[in-house]
2 protein chains.
Amino acid sequence: MRGNVTDGPVLKPVRKERVSRQVFDQLKEQIVKGQWPAGTKLPSENELAKQLNVSRVSVRSALQMLAALGLLETRHGEGTYVRELSGDLYLNALFPLLALSKTNIFDVLEYRRVMDPGAVVLATERAEAEDLAELERIYHRMEVDKENYKAFAHADLEFHLCIAKATKNPIFIKVNTIIRDILNASMEGIVRALGIRDGLHYHRQILQALQDRDPSRAERLMREHVDRTIQRLREEGGEKVGGEA
Amino acid sequence: MRGNVTDGPVLKPVRKERVSRQVFDQLKEQIVKGQWPAGTKLPSENELAKQLNVSRVSVRSALQMLAALGLLETRHGEGTYVRELSGDLYLNALFPLLALSKTNIFDVLEYRRVMDPGAVVLATERAEAEDLAELERIYHRMEVDKENYKAFAHADLEFHLCIAKATKNPIFIKVNTIIRDILNASMEGIVRALGIRDGLHYHRQILQALQDRDPSRAERLMREHVDRTIQRLREEGGEKVGGEA
DNA sequence: CATGGATAGTTGTATGATAACTCACATGTT
DNA sequence: AACATGTGAGTTATCATACAACTATCCATG
């Protein structure tokens, strides 16, 4: 048939943008364009809903997405604030890439083997009293939870994350946070396979080196620690530990 | 006063985790552990609310956050699905809109200072012929684009990413990919500030070390390279480099 | 067989109410 | 005056319910 209407692609699909999405975009604009610099307290949800002429549900929806992306921070009973725009924000994109792909445990440990010794060196220079106190708290929790593999594994990951935090470098912190989240699933199996002796030993020594502000010793210990973990896991046959999928 | 209660920090703050956060964590676990592989259709919001014994609002809150992070995709009137991992980053909507501050750039470079020497060591062991060929291609492009700062900066970042690729470790690759995107905006300014001599010099030497399969030399050169970049940038006063937004 | 429409299931939005939390101010006690 | 305590307003978090908007499927009708 000639002149069929399907020939010409004239009609475009109508614009049907969700309300929450529109709110999201508007708020994002304000932040990114710098109208609302870091630290700004946003109008209350009720206020925003009134100004935008939408329900509070839609406002909350947009706010929560922005908070998930790291642009906003909501404080219960206090308000919603604009966060500092920094490089670690983009690292959020790393999370799904690692979470959704079947990441090999040895790949993660190999990465740790490079990053954690470097991190601990920076930590010996920059750790504040509260960082060291936190590390001690975590270490003691590991001693207490000797029998509870799940709790022990969790504390182990927290220990490494805490060292990253002590570097005061948001990139170290963010990446380590993501790695902790990913590893959380398999860490219990690793602890169960390797036992707790090595972990306790090295963590205590590393903590000591941090307290003594001895970077080279801390670095050496951390490298040994990760190396030994990798080596022993290889011997055990690491196929079993990761596999709950 | 003796026996003051404030002496002993015995009482710990009670656990007060938000409902939506708990839902978020549970759903995240399912995805990360692989219980719900990509493409899986989640139970309906009502169903989840009933199973978890929370309101639909809390479920939606968690789902929307996961969707914002890119782990889920909600289709109006159809359902919610675990997202297929599609290489490219969806967070890119925000990328061009942010100019990094001076501190951010140094944070990134500090991270590089640890990561890249470690990566290049692995690369000397694992780089295949095509990796080395690619590196040579990139290096030659740098020589050609001596005058074009933008192209030169781009090639510089590609060089580092290519080394990461040669490690065959997906974590190195993905982190380096994101860092490349972060630096892309500011890199031209950096090159303009520091010139191209150092870059060409070190990249050529590192390439040579890789071809010779000399890990310790490659590591030393890479560390020197990043160190020198940081140092010279400090001297220049890096305030200027970030600004295009 | 093709068309169109009814239908059930799902996500999106609206409304109103209540709980939980934070801060600042007022109040009372020493 | 100094400190502890209570009280209230403002804000976010959660709940329950209803309805709107959208999608896929099935089915009757021509």
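Chain letters run A, B, ... following the sequence lines, proteins first, then strands; residues in each count from 1.
Where DNA chain C meets chain A (any atom under 4.0 Å from a heavy atom), the bounding nucleotides read 5' to 3' are dG12(C) to dC23(C).
Counting only residues at least two apart or on different chains, no ring-ring contact (aromatic ring centres under 6.0 Å, His included) pair has a member in residues 128-155 of chain A.
Ring centroid separation for the pair His201(A) and His225(A) does not come in under the 6.0 Å cut-off.
Per the geometry, CD belonging to Gln22(A) stands 14 Å off P belonging to dA21(D), to the nearest Å.
Taking the charged nitrogens against the carboxylate oxygens, Arg217(A) and Asp212(A) do have a contact shorter than 4.0 Å, which makes a salt bridge. Salt-bridge annotation for Lys168(A) and Glu128(A): present, with a side-chain N of the basic residue lying under 4.0 Å from a carboxylate O of the acidic one. Between Glu45(A) and Arg56(A) a salt bridge is recorded (basic side-chain N to carboxylate O distance below 4.0 Å). Salt-bridge formation is not detected for the pair Glu110(A)/Arg113(A): no Lys NZ or Arg NE/NH1/NH2 atom is positioned less than 4.0 Å from an Asp or Glu carboxylate oxygen.
Exactly one residue among Asn176(A), Thr229(A), Asp107(A) makes a side chain to side chain donor-acceptor pair (under 3.5 Å) with Arg112(A). That residue is Asn176(A).
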task: Scan nucleotides 11-19 of chain D nucleotide by nucleotide, 5' to 3', and note B when protein non-hydrogen atoms come under 4.0 Å of the base, S if they reach only the sugar-phosphate, - if neither.
output: BBBBB--B-

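When all heavy atoms of Ala62(A) and Val23(A) are compared, the closest pair comes out as CB-CG1, 3.6 Å.
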